[in-house]
2 protein chains.
Amino acid sequence: MTQGEAAPRSTRSRPTMREVAALAGVAIKTVSRVFNGVPTVDPAIVTRVREAADKLGYRPNLTASSLRRGDGRTATIGMLVEDAANPFSAVLTRTVENVARKRGVLVLVGSLDEDPSRERELAQALIDRRVDGLVIVPAGRDQSYLINEQHTGTRMVFVDREAGLLDADAVVSENRQGALTAVNHLLKAGHRRIAYLGDRASIPTAAQRFDGYRHALEVAHIAYDDEIVRHVGSSEEAAIAATEQVLSLPDPPTALFTSQNFVTIGAVRALRAMGLQDTVAQVGFDDFPLADILSPGISVIAQDVEQVGRTAAEMLFHRLDGDESPTRTVTVPTRLIERGSGEIPAEGPCHD
Amino acid sequence: MTQGEAAPRSTRSRPTMREVAALAGVAIKTVSRVFNGVPTVDPAIVTRVREAADKLGYRPNLTASSLRRGDGRTATIGMLVEDAANPFSAVLTRTVENVARKRGVLVLVGSLDEDPSRERELAQALIDRRVDGLVIVPAGRDQSYLINEQHTGTRMVFVDREAGLLDADAVVSENRQGALTAVNHLLKAGHRRIAYLGDRASIPTAAQRFDGYRHALEVAHIAYDDEIVRHVGSSEEAAIAATEQVLSLPDPPTALFTSQNFVTIGAVRALRAMGLQDTVAQVGFDDFPLADILSPGISVIAQDVEQVGRTAAEMLFHRLDGDESPTRTVTVPTRLIERGSGEIPAEGPCHD
DNA sequence: CGACGCTGAGACAACGTTGACTGGGCGAGA
DNA sequence: TCTCGCCCAGTCAACGTTGTCTCAGCGTCG
């Protein structure tokens with residue numbers, strides 16, 4: 001079965017419009033018209049071109065197309081999240097993808113790991129690929145490096161945190177109000193000594209939640225005590241340690257407000273390890289899978305991540321459709337889910 | 001403050017090499033050389049060009065560059081997973097991203113939702129953007145539509161499931177062996193009546209796990225009984241219903257092997273709802289967060305998702321680096337994690 | 001019956017960049 | 001002194017596609 005083809009099994013080069021045109025016996029431009037659905041092409045020629053294209057396995061080159069065509073659109077957007085593997089980012093990515101899909105737009109994803117320099121690098125990498133727009137959960141506090149890109153037509157929406165030193169659209173969760181609700185809920189159960197365990201205060205969302213915590217205490221005329229306040233970062237281990245420390249104080253808290261996912265889970269672990277899960281109340285910020293199945297179930301302030309992602313994507317595409325209205329920040333509400341841990345009453349005498 | 005600029009605040013067009021060249025007083029080609037780090041450029045000119053570029057906010061256009069340059073590389077790969085929001089896919093995406101990052105390669109992500117037609121569409125969309133390579137968790141059983149692309153140089157690696165009707169690299173978990181281990185573990189605890197609850201049998205991984213289940217029973221000389229076998233799909237609700245049904249049989253199983261994540265969680269819920277979590281043993285396939293914190297902890301066969309993703313990405317990049325060796329399938333081992341639920345002994349008399 | 005408009009297809013240049021080649025200036029060796 | 005070759009920057013065309021323009025063919029109307 002010796003054939004003429006002596007090629008080493010591998011790489012032909014990919015067929016182009018030129019070859020399709022040659023095979024169909026038409027001009028390149030006509031092939032272009034066919035693939036762009038221009039109606040003024042003889043149906044007979046259309047089928048001839050399509051057949052030639054199928055035979056050759058031709059696929060249009062979108063990068064060449066976007067280079068030449070007027071709007072320069074690549075039908076691709078960039079998405080920068082904290083970590084593609086964590087549930088918040090993953091859900092966000094998926095909802096943005098869902099909105100993009102309806103428009104034939106694909107999503108480039110990058111993880112920042114809370115590193116501002118990585119944010120810049122990846123944003124640049126996306127811009128170098130001429131994405132039509134960006135959805136960013138910013139790691140740094142200064143996005144002014146994007147001013148140029150904004151002026152040259154790259155649309156962008158910030159998520160979870162607003163942009164710093166840049167006038168841009170944003171979609172955020174109701175962080176301060178959510179935290180307030182959480183702490184008020186614990187106050188209602190009679191708690192007067194409520195610990196705050198959260199992410200580093202340098203992270204804007206954490207700062208806002210902390211602010212809500214302080215405000216709730218203030219309104220309730222409870223003195224702020226930084227002995228029972230820990231900004232631990234977002235690792236479970238650190239949260240476990242902090243929880244143990246706080247509960248080992250001479251005057252330990254009777255309730256915990258844990259303001260971030262991994263911190264919440266760390267605290268859950270620590271409470272169970274100490275056998276205090278039915279004694280010390282807890283409300284966490286951000287829901288997590290199986291929170292309902294533990295005993296007690298973990299009460300949380302749930303963010304509507306899907307809503308956040310969907311809104312952000314829709315805002316971005318509106319901008320791409322030509323919306324030139326002033327930038328705005330949309331706040332998505334949170335809601336309290338009572339599951340048991342947040343409803344544990346305060347023990348001991350009431351001090352008022 | 002009336003200025004000459006009457007422009008409506010918005011969209012300048014993005015500067016090109018031409019403009020940088022004009023401002024720096026050099027030829028376009030020299031700008032190109034500077035940005036490609038060609039060493040034979042006068043250092044004085046290099047700084048002149050860089051300054052001009054900075055002043056204009058110039059950023060190279062990678063799509064134009066990849067169109068012109070010889071290898072046609074876009075420094076972008078495509079990744080098709082089942083659902084970017086689920087933990088398995090999310091971790092996979094992240095590990096692939098990590099390997100890609102080291103090479104300055106970005107990742108386009110798409111979710112297939114187990115829909116073969118969507119797999120084709122998205123694969124085509126990625127190819128139209130001329131990605132350098134593809135990492136695919138296939139939804140369908142026939143990937144022959146990719147043969148052309150394979151021959152024209154698009155590299156691809158399949159993950160979690162092998163490609164159908166296509167000779168391609170793959171990285172899979174040890175499904176059959178893992179299931180075997182799970183069932184053997186339950187047998188060792190004295191169980192003779194072990195239910196199988198898993199995803200639809202049309203999904204290759206589910207079929208392999210089911211195969212492992214049957215094989216383990218066979219070796220142990222236990223008759224197969226399809227009364228206690230349910231292929232329920234991957235929804236928690238369906239798994240809950242199936243678990244309840246199976247346990248309501250006249251001769252209910254004393255142990256469950258749940259062969260997929262959501263099925264495992266559904267069964268956990270059902271067992272708790274029925275108060276049987278300390279009576280009926282369970283081993284699940286695939287680990288999940290908080291499995292250790294439940295009581296009893298849920299014993300699982302854990303897949304090494306990071307290892308799977310890393311291996312796949314590395315294989316892809318080896319191919320891109322010119323590796324032309326025969327295609328191969330790498331199997332990544334699983335491991336049993338004992339946490340309590342799988343070690344609950346069988347009640348009642350032993351039948352042998 | 002000739003000018004006119006319309007329909008459908010091709011020619012040409014250009015998008016922003018880089019590969020291949022060219023050419024001027026200058027030092028070294030014959 | 002002249003040539004050779006090297007160094008560095010420039011010119012030109014091309015990557016695959018599409019916007020603009022042109023043009024052939026044909027039916028219509030005054």
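Throughout, a chain's letter reflects where its sequence line sits, starting with A, and its residues are numbered from 1. Remember, predicted model here, so these are calculated numbers, not experimental data.
- Using a 4.5 Å cut-off on side-chain heavy atoms (C-beta onward), A:R101 and A:V107 make no contact.
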Distances under 3.5 Å between protein N/O atoms and the N/O atoms of nucleotides 9-13 of chain D, please, pair by pair.
from, atom 1, to, atom 2, distance (Å)
D:dA9, OP1, B:D42, N, 3.3
D:dA9, OP2, B:T40, O, 3.1
D:dA9, OP2, B:D42, N, 3.1
D:dG10, OP2, B:A27, N, 2.9
D:dG10, OP2, B:T30, OG1, 2.4
D:dG10, N7, B:R33, NH2, 2.5
D:dG10, O6, B:R33, NH1, 3.4

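- With hydrogens and angles disregarded, no donor-acceptor distance shorter than 3.5 Å links the side chain of B:E82 to the backbone of B:D113.
- By the neighbour-count criterion of 12 heavy atoms within 6.0 Å, atom CZ of A:R103 is densely surrounded, having more than that number from other residues, nucleotides or ligands.
- For DNA chain C, the span of nucleotides reached by chain B at under 4.0 Å from its heavy atoms goes, 5' to 3', from C:dC15 to C:dA20.
- Of the N and O atoms on the side chains of B:S89 and B:D83, not one donor lies less than 3.5 Å from an acceptor on the other residue.
- Side-chain N or O atoms of B:T63 include none that pairs as donor or acceptor with a backbone N or O of A:T63 at under 3.5 Å.
- Heavy atoms of A:Y58 sit under 4.0 angstrom from primed sugar atoms or phosphate atoms, though from no base atom.
- Judged by the 6.0 Å and 45° rule, A:R155 forms no cation-pi pair with A:F317.
- B:D169 and B:T327 are not linked by any side-chain donor-acceptor pair at a separation below 3.5 angstrom, with hydrogens and angles left out of the test.
- The residue B:S65 sits close only to the backbone: its heavy atoms come under 4.0 Å of sugar-phosphate atoms, none of a base.
- We find that CG of B:L67 is positioned 12 Å from P of D:dT18, with the value rounded to whole Å.
- A distance-only check finds a donor-acceptor pair linking the side chain of A:R129 to the backbone of B:A75 [under 3.5 Å].
- In summary, B:E149 and A:R14 engage in a salt bridge, as defined by a charged side-chain N under 4.0 Å from a carboxylate O.
- Axis angle between the ends of the helix from C:dC1-D:dG30 to C:dA30-D:dT1, five pairs each and rounded to 10 degrees, works out to 70°.
- You'll find the side chain of B:E162 stays beyond 4.5 Å of the side chain of B:P204, heavy atoms only.
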